[in-house]
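Encoded as structure tokens, the structure appears first; notes follow it.
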Amino acid sequence: MKKNKLVTKLYFLPLLLLILYLVISAYGRNSHLWAKTSPVPYKIWGEMKKNSGGLENAFEYEFTNLTQKNIKKLEMIISLFDGDGEPVLESDYVTINLIQEIESNQTVQGVVDLSPYLIFNPDTPYFTDYFYVKKIIFEDDSYLEDPFGRWGQK
């Protein structure tokens, strides 16, 4: 009798794994967070500059809207480290809210003063750990979220 239960359990495990695989695969094809064929919604570039535009700790950026919709607000995430690989911000990252109309296929440039967020001002240069747009809000109030920086600069 015990042998039959063991055989039943052994047949049940592969069936359970197959069902789990099929569910995850189906979810992955239908989710914008998982789909590999999702169009890239933006192009972004950023770099820390010392003494740029009158700011001692300026973060210069360039953002291009690659969607077909006009944007009214962006939530950008910036994380920096120094030449030794140590973080230089008070927290893991800084969130910058940009309220600006950006038309489809338009590129905008800007500068953000990061002095208030820095732990210290080392003589070594700063490097970008990651820089991405966490949330885009369009004119029609629809939005796109990228909580993990899939399309950002790393």
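By convention here, the first residue in the shown sequence is residue 1.
- Across all non-hydrogen atoms, the minimal contact from Ala58 to Val111 is CB-CG1, 3.5 Å.
- Rounding to the nearest 0.5 Å places CD of Gln106 at 8.0 Å from CG of Asn65.
- Under the 4.5 Å side-chain contact rule for hydrophobic residues, Ile119 and Ile77 share a cluster.
- Using a 4.5 Å heavy-atom cutoff, the side chains of Leu144 and Lys135 are not in contact.
- In this structure the side chain of Trp151 never reaches within 4.5 angstrom of the side chain of Ile44, judged on heavy atoms.
- Between the CD1 atom of Ile136 and the NZ atom of Lys72 there is a distance of 13.5 Å, given to the nearest 0.5 Å.
- Between the CG atom of Leu74 and the CG atom of Leu98 there is a distance of 5.0 Å, given to the nearest 0.5 Å.
- Inter-residue side-chain proximity for Phe81 and Leu89 is flagged as unmet; no heavy-atom pair is nearer than 4.5 Å.
- Taking the six-membered ring for Trp, Tyr132 and Tyr42 have ring centres at least 6.0 Å apart.
- The closest side-chain heavy-atom distance from Ile71 to Glu139 is not below 4.5 Å.
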TODO: Mind running side chain to side chain contact (heavy atoms under 4.5 Å, CB included) on Ile96 and Ile78 for me, showing each step along the way?
DONE: CA-CA 8 Å; Ile96 305 297; Ile78 303 168; 3.9 Å; yes
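- Looking at Tyr61 and Met76, their side chains come closer than 4.5 Å, going by heavy atoms from C-beta outward.
- A donor-acceptor pair shorter than 3.5 Å can be found between the side chains of Ser142 and Lys69.
- For Lys73, the side chain to side chain contact (heavy atoms under 4.5 Å, CB included) partners are Asn97, Ile99, Ile137, not counting sequence neighbours.
- Under the 4.0 Å criterion applied to side-chain N and carboxylate O atoms, Asp146 and Lys134 are not assigned as salt-bridge partners.
- Pairing each heavy atom of Glu60 with each of Trp45, the nearest pair is O-CZ3, 3.9 Å.
- Here CG of Asp82 is found 11.0 Å from CG of Leu118. Values are rounded to the nearest 0.5 Å.
- Remark: Tyr143 engages no residue in a ring pair (Phe, Tyr, Trp, His ring centres under 6.0 Å) (not counting sequence neighbours).
- Interatomic distance, CG of Leu114 versus CG of Asn57, reported as 7.5 Å (0.5 Å rounding).
- Tyr93 is linked by a ring pair (Phe, Tyr, Trp, His ring centres under 6.0 Å) to nothing, counting only residues two or more places apart in sequence or in another chain.
- Applying the 6.0 Å contact sphere to CD of Glu90 captures more than 12 heavy atoms from other residues, nucleotides or ligands.
- Between the Ser104 side chain and the Thr67 main chain, a donor and an acceptor come within less than 3.5 Å of each other.
- Leu80 contributes atom CG, which lies 5.5 Å from atom OG1 of Thr128 (distance to the nearest 0.5 angstrom).
- Within 6.0 Å of atom OH in Tyr117, 12 or fewer heavy atoms from other residues, nucleotides or ligands are found, so the atom counts as exposed in its surroundings.
- Between Glu103 and Asn70, the closest heavy-atom pair is CA-OD1, 3.1 Å.
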